[in-house]
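Residue numbers start from 1 in every chain, and the chains themselves are labelled A, B, ... in the order their sequence lines are given, proteins ahead of strands.
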There are 2 protein chains.
Amino acid sequence: MLDDVSARTAVVAAADRLFYARGVQSVGMDAVRAEAGVSLKRIYSLFPSKDDLVVAVLRHRTEQWDAGIARAAAGAATPRGRLLAVFDFLDAWFREDGFRGCAFINSFGELGATSPAVAAAVREHKESFQRYARGVVREAGLPDDVALQVVLLAEGAQTTAAITQDVDVARQARRAAEAILDAAVPATA
Amino acid sequence: MLDDVSARTAVVAAADRLFYARGVQSVGMDAVRAEAGVSLKRIYSLFPSKDDLVVAVLRHRTEQWDAGIARAAAGAATPRGRLLAVFDFLDAWFREDGFRGCAFINSFGELGATSPAVAAAVREHKESFQRYARGVVREAGLPDDVALQVVLLAEGAQTTAAITQDVDVARQARRAAEAILDAAVPATA
DNA sequence: TACACTAGAGAACGATGGTTCTCAGCGCAA
DNA sequence: TTGCGCTGAGAACCATCGTTCTCTAGTGTA
């Protein structure tokens, strides 16, 4: 028998896999039960409703995202390098089997209009990413606007890579980000 | 009584409004019937299945998108201006009531994994937009890569504007595009 | 008037979903 | 051993959905 923490973890991981691969509404709670190996009763004692489970999955994804970005940034010596590392992180992700775009964007499109909790979780995640970018941009001594511009490239890369399956997207996004950063540094070339 | 063409148009328009506002799976065919004022029997004689209706809605959106982009581009004298006009078009759109992101991205996230027809329609639309950008970029005498980079900004702007409701996104995307274009012109400042 | 045909309203159908309930089995305290 | 409480498996429940069917009313024609 699993303790609450392990059961919770198993359910979230299973739901994440299924929701990401097929979309939330295409996956029944029974499929989650089967994938997680945790009874429906238990799932509903851990999460009051499917909506709460979706939110838990998104929070879990936020943690993974943050960790991935941090790991990529750790290899860079400068703020500029840390910003561009985002695109190397994306590049590796886009090449993974089963990559299907940004789970937050997908969930927002599917449920944002009908579930305020999901919409809020998505917004929170995207705002947190923008805050992160802004922090690094400031370290680099560049204006805040640059952060949003780089973020736009990262977001666009995610949806475009998902839809077109073009494996080159992250590299192009990185080069565009370089151009934006170069243009933003006070003319000291 | 409506002839087939008018009925088709009414159904597509109604479905478009509902699907865009709430997501596809959250809208039943009965709601489409009520909104369009066309009987279920008629709808099913016009579209073999909901999936086909979704595809028809997407094709209709593609036409609207193309027309909007063309209209925006018509006011610009240079290829560079036509490229940047995309962001003015987006800016006006983002400010509309009920703006909820790109219908193609939303549909792809929701149905891309389960409906090959929807996935194909979305891919087609995005590829067509990339082709358009590539054409204008070539007119400007710039390398193809620039087109994809500008497209990434436009895509990122759409999802970010939808999620954060930040009204300034299109302007920032435009400025980033300017930086990319400037960086791409052979150094003749 | 009688008839054939069509279209719309909405009931019906079969499937599926989220959520709850039942029940049989197990561990454990006394 | 007896009985209590908890658990998992899955049936049950109720709503909803996509799709089809029925029935009624109206139209045009002879």
- Query: Going by heavy atoms in the side chains, are A/T62 and A/F104 under 4.5 Å from each other?
  - Reply: yes
- Item | Length of the CG-P vector between A/L40 and C/dG17, whole Å | 12 Å
- Query: With sugar-phosphate meaning primed atoms plus P, OP1 and OP2, does B/K50 contact a base, only sugar-phosphate, or nothing at under 4.0 Å between heavy atoms?
  - Reply: sugar-phosphate
Enumerate donor-acceptor pairs with a distance under 3.5 Å from any side-chain N or O in residues 69-77 of chain A to protein atoms, sequence neighbours excluded.
none

- Which of the following nucleotides, C/dA9, D/dT20, C/dT19, is nearest to the side chain of B/Y44? D/dT20
- Item | Ionic contact status for B/D182 with B/R80, cut-off 4.0 Å | yes
- Figure out the CZ/P separation between B/F19 and D/dC17, and round it to whole Å. 12 Å
- Winner on side-chain proximity to A/M29, out of C/dG18, C/dA9, D/dG18, is C/dG18
- Can you tell me the distance, in whole Å, between the CG atom of B/L46 and the P atom of D/dT19? 14 Å
- Six-ring centre of B/F19, B/R61 cation under 6.0 angstrom, axis tolerance 45°: no
- Task: Starting at atom CZ of B/F47, determine the distance to atom P of D/dT20, rounded to an integer number of angstrom.
- Result: 15 Å
- Note on the structure: Bend of the helix from C/dT1-D/dA30 to C/dA30-D/dT1 from end-axis comparison, five pairs per end, nearest 10°, comes to 20°
- Item | Rounded interatomic separation in angstrom, taking CD1 from B/I43 and C1' from D/dC21 | 16 Å
- Base, sugar-phosphate, or nothing: which does B/V27 touch, judged by heavy atoms less than 4.0 Å apart? sugar-phosphate
- Message: Assess whether a salt bridge exists between A/D91 and A/R171, defined as any Lys/Arg side-chain N lying under 4.0 Å from an Asp/Glu carboxylate O.
- Response: no
- Task: Identify, between A/S49 and B/V38, the residue whose nearest nucleotide on DNA chain C lies closer to the 5' end.
- Result: B/V38
- Task: Decide salt bridge (Lys or Arg N to Asp or Glu O under 4.0 Å) for B/E178 and B/R174; before the verdict, give the C-alpha distance in whole Å, the side-chain angles of both, and the deciding distance to 0.1 Å.
- Result: CA-CA 6 Å; B/E178 288 169 1; B/R174 186 190 159 113; 3.1 Å; yes
- Taking atom P of C/dT20 as reference, at what distance in whole Å does atom CG of A/D30 sit? 15 Å
- Note on the structure: Contacts of A/K41 and A/V24 projected onto DNA chain C by closest heavy atom; the upstream (5') one is A/V24
- Message: I need the CZ-P distance between A/R33 and C/dT19, as an integer number of Å.
- Response: 15 Å
- Message: Using OP1 and OP2 only, check whether a side-chain N or O of A/R42 sits under 4.0 Å from D/dG8.
- Response: yes
- Answer yes or no: is there a donor N or O on one side and an acceptor on the other, between the side chain of B/R100 and the main chain of B/Y20, under 3.5 Å? yes
